[in-house]
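Everything below concerns the one structure shown next.
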Amino acid sequence: MASRTLKRYTQGIRPIILLSVVLLASLVLMSEAIQNSEQFSLLYSWLLVFNVFALLVLLALIAINLFRLVRQYRLQAPGSRLTARLVVIFVSLAMLPVMIVFYFSLNFLNRGIDSWFDVHTETALADALELTRATLNDRKRDASRRSERIVKVLSGISDRRLPLKINGIRHNNDAFELTVLGSNGRIIASTSQAVETIFPDLPSDIVLAQVRTGEPYIGIDSIEQKGLFIRVVVAMANPESIADVRILQALYEVEAQTSELVSDVQLAYDEYRKRSYLRKPLKIIFTFTLSLVLLLSLLTAVLAAFLLAQRLVAPIRVLAIGTRAVASGNYSKHLPLASNDELGFLVKSFNDMTQKIALTQDEVQRSQIHAERQRIYLETVLGRLSSGVLTFDTEHTLRMANSAANQILGVDLVERLGESLTMLGKDFPHLTQLVESILPHLHKVDEAWREEVTIFGPAGRQALMCRGSALPAIGEDVVDSGFVVVFDDMTSQIQSQRDAAWGEVARRLAHEIKNPLTPIRLSAERLRHKYLATMDAGDAEVLDRSTRTIVEQVESMQEMVTVFSEYAKPPKLMIQPIDINNLVNSVLELYSGYKIEVKAELAPGLPFINADAGRLRQVLHNLIKNAMQSMGGNDEGIVVVTTRLRNELDRGAVEICVVDDGAGISDEIIEQVFEPGVTTKGRGSGLGLAIVKKIIEEHGGVIYAKNRPEGGASFVIHLPVENKKVPKRG
Amino acid sequence: MKIYKKNLNFLWFFISVIFVGVAEAKSFFIEHAETGLIGDTYYLDATVNYQLSDQAQEALLKGVELTFELKIEVIRKKGLLWLFNKKVSQSVQRYTLKYQPLTQQYKVLHINSGKSRNLPSLSTATWILGIVADLPLLKQEEVNPKAQYVVRLKALFDIESLPVPIRLLAYFAPGWYMSSDWYVWPLEP
Ligand SMILES: Nc1ncnc2c1ncn2[C@@H]1O[C@H](COP(=O)(O)OP(=O)(O)OP(=O)(O)O)[C@@H](O)[C@H]1O
Ligand SMILES: [Mg+2]
């Protein structure tokens, strides 16, 4: 706070102006004082003290500024060099003219003062004085003569008569005033031309003492308010007593004109002598005052130079500091606007520039954030993709892999980013096939490709459909270029294609087989009908048996063909919301008369599902029939059908399980139970489960089979719940 | 006016000591001083011996008017220490001395009373200048009869009254510092 105030007083331009004004005033007063003007004469000493003090203050201020400048110069503070240069220029600019003026002023001053005095004037004045003195001496002599006459007249007059005579005597001798004193100083008689005079103007003790010794006094005295007088004081005898002495004082008026001239001459002479005596001191004091004025002005100029230079350089210094800040990456620096001139304009432009840079910087940052967001977005999208995506750079290094790729290939590829493709092939033997298929394509830059690859991974045989293309380089940046490989697990798709093919085969087969079956059966029946009665017993029996076998076999064949054609029938679903528990119950009713118990365990409050009730019934029949057959004639067995809601599954599903405690699915076929034609039964077609699977898939559901550890098989169906808000029962 | 002049003299004394290195020359001294009670007023009688320095005499002859001051103070003593003393009265008598070239006389003027004398020689002029007779000092009622009082007297030459041109030189010339010591005596009726 204090230092700030100090700074304001030592740095502002206003204090300098104030100081200059005060100094100027004091100097003016001082010059007045030297010219002997009465009222300022007394002030002179104070002014001197003040100016010397001001001198010291100025010196101190300059010293402070100089010290500061030197320190800044040493520290190479911005702007200090320019300030120093400006100060030197200003000071030398001020110094030179001032010194010249000083030199000539001193010369003029000395010569001017000298020219006031010359020998002629001095002698003339001295002569005038001498002349005056001579004139006065004349008067004195005259007065002395007259006084002698008066003394003669008076010496014959006794003290008593004196007052009567004295006025006449004064008149006769043309004296202004006559006074006779006794030896003791007592007034004996007195007379004056001025009637109003009551007390005469008495001689001083010294004069009386002188007269008493016998030496008369003749002098010129100026008496107040009366003018110039010649005073004659003499001792005279007392006629009444020889021992006693009387003293006569006679005053003679010097006429007004002469008196005036005398005082004028005296004044002029006195003044001239005083002046010539004061000549040397006057020169000294003028020189001193001039030097003081010069020094004060010069120091003020120097101080002003410092302050001006600092003021001028201030915006430049600010700019330098700002530039440094920008160079070190600080764009938020806003420089204070100092002035309205070109420097101010520069500062303003600088501010605009930094502001723009800061804006650009922000823009860059924002776009970086944007890019990052894009990347995260891309990653999320890729993560949700069911297809595996891999990207490689031109060096065939893995740059990116999504989670689907990890899942399909059964490898955590995210941990292997940055590894080369060949390396991956070595590390994971089951990927060798894939690597070998991809690698050749990673050399062709401008070609999209497609290839089917089969690998044997942890999940068994997998058919992968791979597609790939080169990534275009973004701009010049080669790092961004490379290759992308997208692949899908086609295993299940190929499976269903195979299923479809089987269906086609079955349909044709059924068609081809169905046609000749009826004529065969009819022919066999006609043969029997026509020849059974006419034949002997032995032949008849053969015929009977043969034709019966034919008819039976054809019947069973027709049955088989019907089933086949059933399997191949194009789906015509009658979709409607159904209550699955109702359906299960209605199916199980049909099995109530069997020795093998078929039991339901149903979860209450299941949502409706959209399904074809007839088809689902067929599914349940097939599964229950299989379960019963797996018991192999054992009547103790039990089949359980359960339903429940599986909300935790992806979309929400109703689960139907058909569980038995039969022999279980034999190991040879467990992988292919759902494929058509897979059977372990002598008369089994192996199509039952194939149809089941087909129906479930038509409903968007899944089915899988597993053997229970405690024995028996379990078939699990998940049927999706389209809309979980489907009204629930109860 | 009086006060700052006093202070200035003090200041210049210091400046002279510092710059010139010469202490005030004791050119004046008080030969005798006494007080007497006439009626109800204390009067002062004193004789001061003024010895003018050569510089002062030269200036006088060249027409410069010289001014002298006589400082008179009555102090009531309250204790051993000067600290507790109190100025009861204080006065300055100012005199000027001027040479008149025509009549070759010296004019002594007592500024306070306005009375002047013309004297034929410098020695008589300084003699007359130095005589202080029947100067009323203070009234009796101002004096507490139980207390002790002292009177002190000092004569000095007033540089500040010199014309400005010589004043500057006078500040640095020891010849112009003319004064007496304080002359102290008890106030007696
Ligand atoms: N619940 C079960 N327990 C044990 N094995 C079963 C069971 N269900 C099916 N299998 C096995 O799966 C095979 C295929 O069954 P699928 O129903 O497809 O044909 P199938 O029953 O043999 O012939 P069809 O159904 O035409 O009479 C059966 O032969 C049987 O070996
Ligand atoms: Mg079956």
Side-chain angles (χ1 to χ4, degrees), chain A residues 30-37 40-49 52 113 125-126 128-130 132-133 135-136 204-207 209-210 217 219-222 224 228 231 262-263 265-289, chain B residues 1-2 4-5 7-12 14-15 19 55-67 98-109 114-121 123-125 127-128 131 133 158-173 176:
Chain A
M30 224 165 133
S31 77
E32 282 294 314
I34 292 170
Q35 273 143 47
N36 239 344
S37 146
F40 295 122
S41 164
L42 278 175
L43 276 176
Y44 181 78
S45 305
W46 282 109
L47 292 170
L48 202 65
V49 171
V52 170
I113 290 177
L125 273 173
L129 192 74
E130 202 49 50
T132 316
R133 211 175 271 157
T135 313
L136 287 179
S204 66
D205 329 341
I206 302 165
V207 173
Q210 180 192 330
Y217 169 88
I220 293 167
D221 281 344
S222 66
E224 235 147 284
L228 206 58
R231 189 194 296 266
V262 167
S263 68
V265 168
Q266 177 167 256
L267 199 71
Y269 180 78
D270 193 35
E271 199 58 29
Y272 191 85
R273 265 169 66 84
K274 196 163 97 182
R275 286 253 173 108
S276 79
Y277 168 69
L278 290 180
R279 170 157 63 162
K280 238 165 107 189
L282 205 60
K283 272 189 198 170
I284 291 174
I285 200 168
F286 273 145
T287 311
F288 176 77
T289 309
Chain B
M1 186 77 107
K2 236 185 251 172
Y4 83 62
K5 265 180 83 173
N7 291 346
L8 258 191
N9 278 338
F10 185 68
L11 183 74
W12 289 125
F14 266 107
I15 288 176
F19 284 87
Q55 276 145 311
Q57 286 190 26
E58 192 198 349
L60 185 67
L61 284 178
K62 292 292 163 87
V64 176
E65 192 180 61
L66 305 183
T67 306
K98 179 137 174 52
Y99 175 67
Q100 292 171 315
L102 182 70
T103 55
Q104 289 167 315
Q105 285 179 328
Y106 294 86
K107 184 181 177 185
V108 176
L109 172 67
K115 281 182 192 157
S116 67
R117 299 275 294 274
N118 289 314
L119 299 153
S121 70
S123 56
T124 44
W127 174 52
I128 288 297
I131 292 171
D158 183 20
I159 293 179
E160 287 304 305
S161 301
L162 283 172
V164 171
I166 7 177
R167 207 190 301 165
L168 185 70
L169 297 177
Y171 291 143
F172 301 100
W176 285 104

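Naming convention: chains lettered A, B, ... in sequence-line order (proteins, then strands); numbering from 1 in each chain. As the structure is a prediction and not an experimental result, all values here were calculated from the model.
- For the atom pair B:Thr103 OG1 and A:Leu228 CG, the distance stands at 9.0 Å (nearest 0.5 Å).
- Looking at heavy atoms from C-beta onward, A:Arg133 lies in side-chain contact with B:Gln104 at the 4.5 angstrom threshold.
- To the nearest 0.5 Å, atoms NZ (A:Lys274) and NZ (B:Lys98) are separated by 6.0 Å.
- In this structure, the portion of B:Gln105 lying under 4.5 Å from any heavy atom of chain A is its side chain and not its backbone.
- Across all their heavy atoms, A:Asp270 and B:Gly63 have their closest contact at OD1-CA, 3.4 Å.
- Interface remark: A:Phe288 contributes side-chain atoms only to the contact with chain B (heavy atom separation under 4.5 Å).
- Of the inter-residue distances, the one linking B:Arg167 atom CZ with A:Leu48 atom CG reads 9.5 Å to the nearest 0.5 angstrom.
- Both the backbone and the side chain of B:Ala59 come within less than 4.5 Å of a heavy atom of chain A.
- With a threshold of 4.5 angstrom between heavy atoms, B:Leu102 approaches chain A through its backbone and through its side chain.
- Between A:Tyr277 and B:Glu58, the shortest heavy-atom contact is CE1-OE2, 3.7 Å.
- Scanning both residues, A:Pro281 and B:Pro165, for their nearest heavy atoms gives CB-O, 3.5 Å.
- Taking a 6.0 Å sphere around CZ of A:Arg275, one finds it holds 12 or fewer heavy atoms contributed by other residues, nucleotides or ligands.
- Residue-environment remark: NZ (B:Lys107) stays at or below the threshold of 12 foreign heavy atoms within 6.0 Å.
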